[in-house]
Amino acid sequence: MENKRVLIIEDDLTLRNVLAEFLGSEGFLVGVASDGEEGINMIKSYNPDIVLLDIILPKKNGFEVLKEVRDNEGKLSVPFVLLTNLGSLDDIEKALELGATTYLVKGDYQVREIVEKVKEILSKEK
Amino acid sequence: MGVSVYQTPAFMLLTLGFIIVFIMTAVFFVSREFVSIEILIIAEAVVVSFILIIGNTIIGSMEKLARVNKFKSEFISIVSHQLKTPLTGISWDMEFLMSKHSDGLNSKQIEILKNIEALNVIMAKMVNDLLDVARIDQNNFFTRKDEIDIVSVVKKVIEKNKALTLKNKVNIDLLVDDNMPKIIGDEKRTEVVLDNFISNAIKYNKENGKVIIKMQKDNRRAIISVKDTGIGIPENEQDRVFEKFYRSKEAASRETGGTGLGLYIAKNIIERSEGKVWFRSVENEGTEFHFSLPII
């Protein structure tokens with residue numbers, strides 16, 4: 001996983017920092033954005049291999065980010081992992097319909113389990 | 001709320017209307033032999049208005065009740081969602097602290113951190129349970145379809161309950177069929193189900209009691225059984241075991257921490273994952289819970 005770029009779009013400072021720290025120590029290159037608009041700009045400029053995307057975000061929410069990126073780049077571009085705290089049926093169906101690769105309910109996972117999921121998805125992408 | 005079309009106030013009103021019209025027509029044709037038509041029409045009009053007023057009041061209060069229930073579920077899901085974000089933050093920060101900086105801490109400090117972490121786990125579990133119940137009530141409950149190595153999940157849950165096992169002086173036996181296949185279900189939620197059954201079997205056991213966990217397979221599904229040698233469930237309470245907030249009197253007197261939501265949630269998780277759950281219990285001899293999940 002050396003030099004793979006991960007972009008974290010998450011407005012909660014604590015969650016963002018801890019995720020970045022763990023991913024960084026596993027050899028990933030990590031970019032961060034704290035709202036939806038910044039996230040979209042970072043996807044264009046940072047060119048990530050995978051995006052971890054929160055749903056409830058300022059300026060543009062996760063669904064809007066996902067839709068905008070998928071509309072512009074087609075379905076086969078960068079994998080998105082939706083990070084939610086809700087895990088409600090409506091949200092998950094909507095996310096998968098918009099082209100999210102998978103979703104994770106944040107509170108259910110330890111950080112190192114999320115790192116494992118990221119590795120798993122990237123190894124399947126190759 | 002999982003309300004079908006037949007339970008909606010509008011449908012009930014319509015049914016009520018049909019019944020009244022039918023009865024009134026019958027009464028009209030039968031009684032016009034004896035009474036003048038004018039009196040009959042007035043009498044029927046009075047009866048109809050009376051029934052409609054009562055019907056309307058009943059339906060109105062049903063609607064109000066449904067609104068209150070809906071509000072309650074929404075309130076629970078908003079509150080638990082707001083609680084989840086900081087709880088996740090605490091849990092991830094603790095993980096960070098223990099994995100990256102625990103070298104600089106003395107054993108007392110590490111013990112305190114572990115204690116905080118354990119309390120956080122309890123709080124998160126409570127919030128998750130409430131959120132799950134609200135989801136189930138709102139018909140908005142979702143389970144993933146992961147491919148799971150169920151044997152390793154069972155082993156993980158046994159390991160997680162080790163302290164409780166030692167404290168209650170209980171022995172756990174694990175019997176696994178050869179070549180257990182992977183199952184299809186929600187990894188985290190299946191863990192919750194197993195934790196419920198296994199921790200219950202430990203908590204409500206006798207001293208030096210046994211917990212026997214069996215994992216079997218047939219060609220379509222895996223069946224997991226958790227048997228204890230504990231206090232059992234009284235026969236007159238057995239049909240309420242999977243009800244929301246059910247706690248047996250004996251269980252409540254032994255352990256005050258439970259919410260009575262565990263088995264209700266477990267049943268919903270398994271059924272959403274296209275599995276089944278059932279049990280057999282004899283008072284003072286023990287209980288055996290079984291559940292099945294589809295295999296790949």
Side-chain angles (χ1 to χ4, degrees), chain A residues 8-27 30 32 34 52 54-58 61-62 81-97 100-118 120-121 124, chain B residues 2 73-74 76-101 117 120-121 123-132 134-147 153 156 160 186-192 195 268-269 272:
Chain A
I8 305 166
I9 310 176
E10 162 70 66
D11 61 333
D12 187 286
L13 181 69
T14 309
L15 302 187
R16 195 170 67 227
N17 283 350
V18 176
L19 266 175
E21 186 74 37
F22 269 78
L23 286 162
S25 69
E26 293 280 325
V30 184
V32 293
S34 56
L52 303 180
D54 189 16
I55 291 184
I56 300 166
L57 287 168
N61 69 34
V81 178
L82 260 281
L83 296 176
T84 106
N85 236 342
L86 294 164
S88 84
L89 181 64
D90 299 344
D91 284 351
I92 288 154
E93 281 181 341
K94 191 170 169 190
L96 296 177
E97 208 168 285
T101 314
T102 188
Y103 71 93
L104 299 171
V105 180
K106 278 183 273 194
D108 291 350
Y109 292 85
Q110 289 188 299
V111 192
R112 65 175 82 92
E113 292 177 303
I114 294 182
V115 174
E116 287 310 310
K117 292 275 174 197
V118 168
E120 199 183 304
I121 292 166
K124 276 183 195 160
Chain B
S73 291
E74 276 167 10
I76 293 173
S77 57
I78 290 166
V79 170
S80 24
H81 176 234
Q82 295 302 331
L83 284 170
K84 263 190 109 168
T85 306
L87 285 172
T88 307
I90 294 171
S91 147
W92 288 14
D93 262 349
M94 295 293 297
E95 188 185 346
F96 179 65
L97 202 54
M98 306 247 262
S99 68
K100 308 275 161 164
H101 298 287
E117 196 185 32
N120 191 55
V121 166
M123 202 145 57
K125 185 179 163 11
M126 200 82 97
V127 170
N128 272 336
D129 281 0
L130 284 175
L131 197 56
D132 279 349
R135 284 282 137 65
I136 293 165
D137 286 350
Q138 293 166 342
N139 240 338
N140 199 359
F141 188 59
F142 188 80
T143 56
R144 299 174 63 103
K145 302 249 183 295
D146 303 315
E147 288 181 8
V153 178
K156 188 175 165 190
K160 218 170 100 183
D186 187 313
E187 189 175 357
K188 288 290 168 187
R189 290 233 162 88
T190 307
E191 203 180 308
V192 169
D195 192 47
N268 274 279
I269 293 172
R272 283 308 136 116

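The shown structure was predicted, so the numbers you read here are calculated from the model rather than taken from an experiment. Order of the sequence lines sets the chain letters (A, B, ...), proteins ahead of strands, with each chain counted from 1.
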So, the part of Thr85(B) with a heavy atom under 4.5 Å from chain A: the answer is both
Under a 4.5 Å heavy-atom cut-off, does chain B meet the side chain of Leu13(A), its backbone, both or neither?
neither
Interface check, chain B: of Glu93(A), Arg112(A), Glu113(A), most non-hydrogen pairs under 4.5 Å belong to Arg112(A)
How long is the gap from CG on Leu52(A) to CG on Leu83(A), to the nearest 0.5 Å?
5.5 Å
Check Pro58(A) against Asp11(A) and note the closest heavy-atom contact, atom names and distance.
CD-CB, 3.7 Å
Cation over ring face, Arg144(B) and Tyr103(A), 6.0 Å, 45°:
yes
Hey, are Lys106(A) and Asp54(A) close enough for a salt bridge, meaning a charged N less than 4.0 Å from a carboxylate O?
yes
Between Val111(A) and chain B, with a heavy-atom cut-off of 4.5 Å, which part of the residue counts as in contact: side chain, backbone, both or neither?
both
Identify the heavy atoms of Lys84(B) and Val127(B) that sit nearest to each other, and give their distance.
CG-CG1, 3.8 Å
Under 4.5 Å to a heavy atom of chain A? For Glu187(B) that would be side chain
For Asn128(B), is it the side chain, the backbone, both or neither that has a heavy atom under 4.5 Å from a heavy atom of chain A?
side chain
Where do Ala95(A) and Leu82(A) come nearest, in terms of heavy atoms and distance?
CB-CG, 3.9 Å
In terms of heavy-atom proximity below 4.5 Å to chain B, should Asp12(A) be classed as side chain, backbone, both, or neither?
side chain
